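Below: one structure, written as structure tokens.
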Amino acid sequence: MIFINPTQHDNIDIRDHIAYPGLNYMVDPDLVNDFMKTRRTGGVESIGFLFGKSKHRPDVELVLVNKLINKKLKSWVGISDKVYKKNYKMAEHLFGMHIFPILLHPQSNGTVRLQSKNPKCEPEIRTNYLKHPLDVQRLADAIIFIDENLTRTTEFEKIRPVLYPAPICDNLPYKSREYWEKALTKLVVSFGDYMGGNKMGARSDTSSVVDCGFRIRGLKNVRIVDASVIPVTMSGHVEATVVMLAEKAAKIIKRTYKRSSCYNDKSRERRNQLNYKQLSCYK
Ligand SMILES: Cc1cc2nc3c(=O)[nH]c(=O)nc-3n(C[C@H](O)[C@H](O)[C@H](O)COP(=O)(O)OP(=O)(O)OC[C@H]3O[C@@H](n4cnc5c(N)ncnc54)[C@H](O)[C@@H]3O)c2cc1C
């Protein structure tokens, strides 16, 4: 949900986790054991993290799926029919694995704007993916690491991964940094982790939308409880955090109403006592 208060914000910042879906590796099926071939754990077999300058906060998450991008994965990551037909369809019958590098802390901000005063008119959403050059550089670094280092380790070499030709970038040397940077401008997908649209923050933070009790500032009893209140990008997927936020909000709401019903109980008790006194007058 995005709450747009036109008097305070004409531009809401949103952030998202994006990934490059072009690292399809063909693998020799005879070299992979049956466990890997038949295993189904929702697709994701293992994850890893790449750290840049900071030792405390990873820049990129790696997600390994035990399949090449197929029809099912296509809709999961939001690849259009046209792009699928051009880049993936001819590999449908092949066996392999896919590694997604996911940018965890993008510098590029998306924006949400009101287009009109008409509440039925949808807001304008601009994702601005990879607008900041650092985002392109970090994802390109991750792709190069996967292709030149990770898939060349002894363990990976055992299954002989071969990159299925990534989207063609004319006139650029295959697998050069420029090639990958260009490929990124052609192919990038969202992991659906939209954060920050209704940022939670201190009263002094004028860009915050909700207070620490999830209440929309300036309104009395309207709360927002979803991924949009997460104020900074996270080094991982969002769902568990959303569940935790919902649990916390439920506790806050229950406590608020318990307190008010407590007052009601007291006043009811007093009223009953008065009634009793009134009744006793009649005795
Ligand atoms: C394909 C995909 C795969 C993902 N996989 C993972 C994963 O493996 N792990 C992970 O941690 N995260 C994953 N995510 C991200 C995660 O699901 C979301 O970040 C999380 O669900 C966000 O929670 P939310 O409550 O903010 O929004 P949502 O879960 O989208 O909830 C919004 C709800 O509002 C309802 N709604 C919308 N409009 C209205 C309206 N006008 N009136 C009433 N109701 C309305 C919708 O029906 C929906 O139920 C994935 C996302 C996608 C898209």
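Sequence positions, counted from 1, serve as the residue numbers for this chain. Order of listing sets the numbers, starting from 1, for every ligand and every atom in it. On a predicted model such as this, the values are computed, not experimentally measured, just so you know.
Side-chain atoms of Glu61 do not come within 3.5 Å of backbone N or O of Ser235 as any donor-acceptor pair.
Salt-bridge formation is not detected for the pair Arg15/Asp193: no Lys NZ or Arg NE/NH1/NH2 atom is positioned less than 4.0 Å from an Asp or Glu carboxylate oxygen.
Below 30°, between 30° and 60°, or above 60°: for Tyr88 and Tyr84 the angle between ring planes is below 30°, a parallel geometry. Under the 30°/60° scheme for interplanar angles, the aromatic rings of His237 and Phe191 are found to be tilted.
Applying the 4.0 Å criterion to heavy atoms of Gly192 picks out, from ligand 1, the atoms 15 (C), 18 (C), 19 (O). Ligand-side atoms of ligand 1 in range of Trp76: 1 (C), 3 (C), range being under 4.0 angstrom from any heavy atom. Close contacts between ligand 1 and His237 involve ligand atoms 9 (N), 10 (C), 11 (O), 12 (N) [criterion: under 4.0 Å to a heavy atom].
Proximity of Lys175 to Trp180: side-chain heavy atoms (C-beta onward) are separated by under 4.5 Å at one or more points.
No N or O atom of Ala240 sits closer than 3.5 Å to an N or O atom of ligand 1. Considering backbone and side-chain atoms together, Val238 places an N or O closer than 3.5 Å to an N or O of ligand 1.
Looking at residues two or more places apart in sequence or on another chain, you find a side-chain hydrogen bond (donor to acceptor under 3.5 Å, both in side chains) between Ser108 and Asp135.
Looking at Val77, Asp226, Val229 and measuring to atom 24 (P) of ligand 1, the nearest heavy atom belongs to Asp226. The nearest non-hydrogen atom to atom 7 (C) of ligand 1, considering only Met234, Met195, Glu239, comes from Glu239.
For Val242, every heavy-atom contact with ligand 1 shorter than 4.0 Å involves the side chain, none the backbone.
There is a side-chain donor-acceptor pair under 3.5 Å between Tyr25 and Asp147.
Residue contact annotation: Tyr194 has no non-hydrogen atom under 4.0 Å from ligand 1.
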